[in-house]
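First the structure, in the form of structure tokens, and then the observations on it.
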Amino acid sequence: MQKTETRVRFAPSPTGLLHVGNARTALYNWLVARHTGGKFILRIEDTDVERSREEHERQLIEDLRWLGLDWDEGPETGGPHGPYRQSERLDIYRKHTDQLLREGKAYRCFCTTEELEAERQKAIAEHRPQVYSGKCRAISQSDSDARAASGESFAVRLRIPEKPLRFHDIVRGEVEFPNETVSDPILVRSSGVPVYNYVVTVDDALMEITHVIRGDDHISNTPKQVAIYEAFGWPVPEFAHLSTILGSDRERLSKRHGATSIASFREMGILPEALVNYLALLGWGAEGGTRETFTPEELIHEFKLERVTASPAVFDFDKLHWLNRHYLKLADPARVLDLAWPYFEKKGLLPAHTAAEKKIADWFGKLIALFLPSVDRLEQLPEKAQFLFHFDPAAAKASEENAVILATEAAQKVLAAFAQRVRTHQGAVTPELFKSWMNEIKSATGAKGKELFHPVRIALTGAHSGPEFDKLIPLLEEGSPLALPAHILSVRERVEQFISA
Ligand code: GLU
């Protein structure tokens, strides 16, 4: 088998949602392939028929695509080493099992569950490692064949060599497991189902994988896999085991710590480029620097497995949010508009995107420009813009903080002067007009700064702090004539309602 190019794979089991740990594994594999000009292979490990679901596979693929990852070989893509779903490769495994049995590298184990359990209990009692005794190793070929032919059920075990099992790990260096801790592993269960360690090795070898990059929860499986490569006489690939991802309490990251599935991050309005950037930094850093923001192209250029750290990475939601803010600012406004719309539509604040007039989309674009700098995630936008759609002057007056501001004589004078100008003006209020009114009111009342602006802001928005008037005024005035599910009150309507509340 000639290995001329780097070939890596991501091999998810379609038993649930794609989480950050596996997504990082997929990303690192993809980066290695793209950095080296090699191939990235997607293989679906669905031999666990009880837990594997087609819908999980579909969602997995959707999540990987959303992250911007692409693969050169895979279930739908095809390729020279297919099929790429393990459930479609059972014949291949069977053929290889026959070969190992024929060559004496594997043997049939006729031990019953009860016998194995009794062995295990004995080992516990004697404080020995709970590994298989190797009892069936000694059964002669002819006896074994005869028992199998008579219908006795059996598992297939690998005959493991009497030597320590070692492998080289790019992240951890030399890893060695003493032989006593690794018993003759089962390759095929008595039910006929081949086990993970076996199929993963057959597939990695036949698919000519050069670098196995995966989570370190598989590190104890690796010696068994190495023994399988050796039994077949196949070259052993390089391994890179990625550290566990922890929560802020340094426990293994789980739902308890917050969202961990890729789908949930997408639903929150995290951009894929932010998540990719974040996941890349979760256990890797570019050479000679503290740089934190990388586009996918920059990651491809910079990424090297040698710079992946062995120490566990702590998932930092704040940093992810910070990166998302960064990418939201850089993103094309039309794209942000498309992504933000459903959050408003779901809350009944905007009509269906497809049916909306251009005027509404233009107005919504301004709304986003105004509020985007103050959010970490798109899902927070409706809340920030809530006061535009639902103005509640009574609640604004009732708020304790506002009441203190409004109770002053200066505030009363400012509001009266402002209302008088709004009432006598015909047509829309422009930012320029607003500015000149405020200047006039300043000279007429002597109020300035907060005294001047806070009461007006409360009357227009319900709160004493918020977005710049220059951008806010057009949003109110231009929103008012639009046919939206919730009518946007103009400056005049707001002031009237506020005064009479
Ligand atoms: N299907 C295995 C998993 O999802 C793959 C492990 C591996 O990469 O070898 O954990």
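Indexing begins at 1, ligand by ligand and atom by atom, following the structure's order.
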Minimum-distance protein heavy atom relative to atom 1 (N) of ligand 1: Glu45 OE1, 2.6 Å
- request: May I ask you to check whether Asn22 has an N/O atom sitting below 3.5 Å from an N/O atom of ligand 1?
  value: no
Heavy-atom neighbours of Glu54 CD exceed 12 at 6.0 Å: no
- prompt: Taking only heavy atoms of Ser13, which atoms of ligand 1 are found under 4.0 Å from at least one of them?
  reply: 1 (N), 2 (C), 3 (C), 4 (O)
task: Could you tell me how the ring of His353 sits relative to the ring of Trp341: parallel (under 30°), tilted (30 to 60°) or perpendicular (over 60°)?
output: parallel
- request: Check whether any heavy atom of Tyr196 sits under 4.0 Å from an atom of ligand 1.
  value: yes
Ring pair (Phe, Tyr, Trp, His ring centres under 6.0 Å) partner of Phe303, the single match among Phe294, Tyr28, Trp30: Tyr28
message: I need the minimum non-hydrogen distance between Ser220 and Phe177, along with the two atoms involved.
response: CA-CZ, 3.9 Å
query: What orientation do Phe232 and His96 show, parallel under 30°, tilted 30 to 60°, or perpendicular over 60°?
result: perpendicular
query: Which word best sums up how the rings of Phe317 and His321 line up, parallel for under 30°, tilted for 30 to 60°, or perpendicular for over 60°?
result: tilted
task: Give the atoms of ligand 1, by number and element, whose distance to some non-hydrogen atom of Val200 is under 4.0 Å.
output: 9 (O)
- line: The closest protein heavy-atom partner of atom 3 (C) of ligand 1 is His218 NE2, 3.7 Å
query: Where is the nearest protein heavy atom to atom 8 (O) of ligand 1: which residue, which atom, and how far?
result: Arg9 NH1, 2.6 Å
field: Minimum-distance protein heavy atom relative to atom 5 (C) of ligand 1
entry: Ala11 O, 3.1 Å
